[in-house]
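Single-structure report; data block below.
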Amino acid sequence: MVIKRDGYLSKLIGKERNGLIKVVTGVRRCGKTYLLFNLFHNHLLSNGVPESHIIEIALDDRSKKKLRDPDNMLEYVKGRIKDKKTYYVILDEVQLLGEFEDVLNSFLHIRNADVYVTGSNSRFLSSDVITEFRGRGDEIRVHPLSFREYTSVYKGTIDEAWDDFFNYGGLPLILSIKTPEEKAEYLQTLFQKVYLSDIVDRHKIRNKDELNELVNVLSSSIGSLTNPSKLARTYKTIKNKTISDKTLSAYIGYLIDAFLISKSVRFDIKGKKYIGSPAKYYFEDVGLRNARLNFRQMEENHIMENILYNELCIRGYRVDVGVVEYYAQNGDGKRSKRRLEVDFIATKGSQKYYIQSAFSMNDPNKIKQEERPLLSIGDSFKKIFVVRENIKARRNEDGIVTIGMYNFLLEEDSLNF
């Protein structure tokens, strides 16, 4: 099964021979190795690069154990370079290489070496790229499959594809696993024995139960505003446990750093400033979230919101939670300040979109309620409703666009209707 990941491949191609280390990051099992060793490899061959100029090393291969030594690796790569043409050095699971930061920086001194790496587990997370390479690394963030990528190889109807994607998410291997029971077991094992084990190992967490409980709470409350202080109170009142907000804040940071969750911060649209706490948290893959809860709490409106958030991130937008302040008339005739929420503000350069995720818009009162935040904004940027119904995009007299979820997810330019 060949899954095209043209967006990421285009990013790699655009960064060829730019003098930086191309660092491919993302949650484990999202397709980083496949991107480099298959899709990018085939691109190089099709553009006339000979096999001898592609130096690929999978460091998790036992036969490459000697190359985990930094000096052996440098000697090996230098020995493969025979002429002045470009050589593509592609390393997988680079965290297994001793002193990998020094080795990669040494590669930058080889003028005709173009270096690409990917890594995972407890020694190669998002913050490492920033701290270890200090301007010499160029990060390409890879996400699990989008719904568009998922349906490109799915054998079945669009509704069947949505049902599977909604339940089991977009980790590529899910498409090869046949039964629901096997899919659930794969996701649950991956979450507990790989992702959380990586975090525990990296940060030397002693109380694993605290971390596990936090993951359960965040899984249960995707798209809800919260913060470490609120979570600490929840532990105290409901679970009768005392965990400091400082500890919870650290754990949340670890989960974000491991690409398991993302944080969306509130932004005052009229005041043009970030509000900060509380914030919303979304899972990188809804299948992992669902598996964590043993496929309970399967509210489609919340999972749909998480999928839309992920889609905007995949398209390269910074995604914030919008807050609109306005004054309303009280029953006593006085006016008071109130706040309305916009699910997403999607920003990329000069582009900006306000987006509401609405499961259904058939009730006139519901329409009025959902439209109020958008109508209160008062600027000219596009305002969009994404609804569960399978409808084509339409625009009302106020300029608000309503588009069906399938069309929004499957049409690459759906924001620009």
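The residues of the chain are indexed from 1 along the displayed sequence.
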>> One pair to check against side chain to side chain donor-acceptor pair (under 3.5 Å): Q95 and E93. What are the steps and the verdict?
In response: CA-CA 5 Å; Q95 78 281 347; E93 301 294 352; 2.7 Å; yes
>> So, taking the atom named CG in D198 and the one named CZ in R202, what distance separates them when rounded to the nearest 0.5 Å?
In response: 10.0 Å
>> With a sphere of 6.0 Å drawn around NZ of K241, does it hold more than 12 non-hydrogen atoms of other residues, nucleotides or ligands?
In response: yes
> Does D268 reach the main-chain N or O of K272 with its side chain, forming a donor-acceptor pair under 3.5 Å?
Replying inline: no
> Of the non-hydrogen atoms in S357 and M304, which two are nearest, and what is the gap between them?
Replying inline: OG-CE, 3.8 Å
>> Checking T242 against K236 for the side chain to side chain donor-acceptor pair (under 3.5 Å) test, could you report, in this order, the C-alpha distance in whole Å, the side-chain angles of both residues, the deciding distance, and whether it holds?
In response: CA-CA 5 Å; T242 301; K236 184 68 175 177; 3.2 Å; yes
> Is the F381 to Y353 ring centre distance short of 6.0 Å?
Replying inline: no
> Would a 4.5 Å heavy-atom cut-off, applied to side chains only, mark L312 and L415 as touching?
Replying inline: yes
>> Give me each pair satisfying salt bridge (charged side-chain N to carboxylate O under 4.0 Å, His left out) with a member in residues 145-161, each pair once, sequence neighbours excluded.
In response: R5-E149, R148-E311
> Would you call D379 and K270 a salt bridge, using N to O less than 4.0 angstrom?
Replying inline: no
>> Using only atom types and a distance under 3.5 Å, with no angle test, would you say the side chain of N290 pairs donor to acceptor with the backbone of N167?
In response: yes
> Which pair of heavy atoms, one from I174 and one from Y168, lies closest together, and at what distance?
Replying inline: CG1-O, 3.8 Å
> So how far is it from I252 CD1 to K263 NZ, rounded to the nearest 0.5 Å?
Replying inline: 7.5 Å
> Do the side chain of N306 and the main chain of F283 share a donor and acceptor less than 3.5 angstrom apart?
Replying inline: yes
> Which heavy-atom pair separates P373 from V324 by the least distance, and what is that distance?
Replying inline: O-CG2, 3.8 Å
>> Treating S249 as the side-chain partner and D245 as the backbone partner, does any N or O pair qualify as donor plus acceptor under 3.5 Å?
In response: no
> Do the charged groups of E284 and R141 touch, with an N to O distance under 4.0 Å?
Replying inline: yes
> Is the number of heavy atoms from other residues, nucleotides or ligands within 6.0 Å of CD (E412) greater than 12?
Replying inline: no
> Taking the side chain as C-beta and beyond, is there a heavy-atom pair between R394 and V401 under 4.5 Å?
Replying inline: no
>> Do K280 and E341 have side chains that approach each other closer than 4.5 Å (heavy atoms only, starting at C-beta)?
In response: yes
>> Under the side chain to side chain contact (heavy atoms under 4.5 Å, CB included) test against L67, which residue among L91, I57, L96 passes?
In response: I57
>> Run Y186 and L190 through side chain to side chain contact (heavy atoms under 4.5 Å, CB included) and show every step you take.
In response: CA-CA 6 Å; Y186 168 71; L190 193 62; 3.8 Å; yes
> Between D320 and R318, is there a side-chain N and carboxylate O pair less than 4.0 Å apart?
Replying inline: yes
>> side chain to side chain contact (heavy atoms under 4.5 Å, CB included) for Q356 and I384? Distances and angles first, verdict last.
In response: CA-CA 6 Å; Q356 293 283 57; I384 301 171; over 6 Å; no
> Taking 4.0 angstrom as the limit, do K32 and D92 come out as a salt bridge?
Replying inline: no
> Taking all atoms of both residues into account, what is the closest heavy-atom pair of A279 and V265, and its distance?
Replying inline: CB-CA, 4.3 Å
>> What I want to check is whether the side chains of Y235 and E210 have a donor and an acceptor closer together than 3.5 Å.
In response: no
>> Looking only at side-chain N and O atoms, does Y195 offer a donor or acceptor that is under 3.5 Å from a partner on R29?
In response: no
>> Testing the basics here: between E56 and L36, what is the closest heavy-atom pair and its distance to 0.1 Å?
In response: OE2-O, 4.2 Å
> Would you find a donor on one side and an acceptor on the other, under 3.5 Å apart, between the side chain of R68 and the backbone of L59?
Replying inline: yes
> Is it true that atom CD of Q351 has more than 12 heavy atoms of other residues, nucleotides or ligands lying nearer than 6.0 Å?
Replying inline: yes
>> Under the criterion side chain to side chain contact (heavy atoms under 4.5 Å, CB included), I'd like the reasoning laid out for R292 against L218: C-alpha separation, chi angles, the key distance, then a yes or no.
In response: CA-CA 10 Å; R292 182 66 192 183; L218 291 176; over 6 Å; no
> Which distance, rounded to the nearest 0.5 Å, do you find between the CG of L211 and the CG of L255?
Replying inline: 6.0 Å
> Cut-off 3.5 Å, side chains only: do N212 and D209 have a donor facing an acceptor?
Replying inline: no
>> I'd like to check V27 versus H143 (side-chain heavy atoms, cut-off strictly below 4.5 Å). Are they in contact?
In response: no
> Is there a side-chain contact between I400 and R395 (heavy atoms, below 4.5 Å)?
Replying inline: no
> If you round to the nearest 0.5 Å, how far is CG of L44 from OG1 of T86?
Replying inline: 10.0 Å
>> side chain to side chain contact (heavy atoms under 4.5 Å, CB included), that's the test. Do L171 and L288 meet it? Break it down for me.
In response: CA-CA 9 Å; L171 294 180; L288 290 170; 4.1 Å; yes
> Would you call the rings of Y251 and Y254 parallel, tilted or perpendicular, where under 30° means parallel and over 60° means perpendicular?
Replying inline: tilted
> Is a donor on one side and an acceptor on the other found under 3.5 Å between the side chain of N407 and the backbone of I391?
Replying inline: yes
> Are K348 and Y317 in a cation-pi setup, meaning NZ or CZ lies under 6.0 angstrom from the ring centre and within 45 degrees of the ring axis?
Replying inline: yes
> From F100 CZ over to L104 CG, what is the distance, rounded to the nearest 0.5 angstrom?
Replying inline: 7.0 Å
>> Treating N18 as the side-chain partner and L20 as the backbone partner, does any N or O pair qualify as donor plus acceptor under 3.5 Å?
In response: yes
>> Whether the side chain of T234 engages the backbone of K230 through a donor-acceptor N/O pair (distance < 3.5 Å, no angle test) should be reported.
In response: yes
>> Test ring pair (Phe, Tyr, Trp, His ring centres under 6.0 Å) on F40 and Y34; report intermediate values, then the result.
In response: CA-CA 9 Å; F40 188 59; Y34 182 82; over 10 Å; no
> Does the side chain of R266 come within less than 4.5 Å of P278's, by heavy atoms?
Replying inline: yes
> Among F165, F166, F408, whose ring pair (Phe, Tyr, Trp, His ring centres under 6.0 Å) with F147 holds?
Replying inline: F165
>> I need the minimum non-hydrogen distance between N310 and D285, along with the two atoms involved.
In response: ND2-N, 4.4 Å
>> Could you tell me if the side chain of L12 sits less than 4.5 Å from the side chain of I140, heavy atoms only?
In response: yes
> Are D138 and K22 within salt-bridge range, i.e. N to O under 4.0 Å?
Replying inline: no
> Is there side-chain contact between L409 and I307, with heavy atoms separated by less than 4.5 Å?
Replying inline: yes
> What is the ring orientation for Y282 with Y309, classed by angle as parallel under 30°, tilted 30 to 60°, or perpendicular over 60°?
Replying inline: parallel
> Ignoring hydrogens and geometry, is there a side-chain-to-backbone donor-acceptor pair from D114 to R17 under 3.5 Å?
Replying inline: yes
> Strictly by modelled atom types, are E299 and Q297 linked by a side-chain donor-acceptor pair under 3.5 Å?
Replying inline: no
> Do any N or O atoms from the side chain of R289 and from the backbone of S219 form a donor-acceptor pair under 3.5 angstrom?
Replying inline: yes
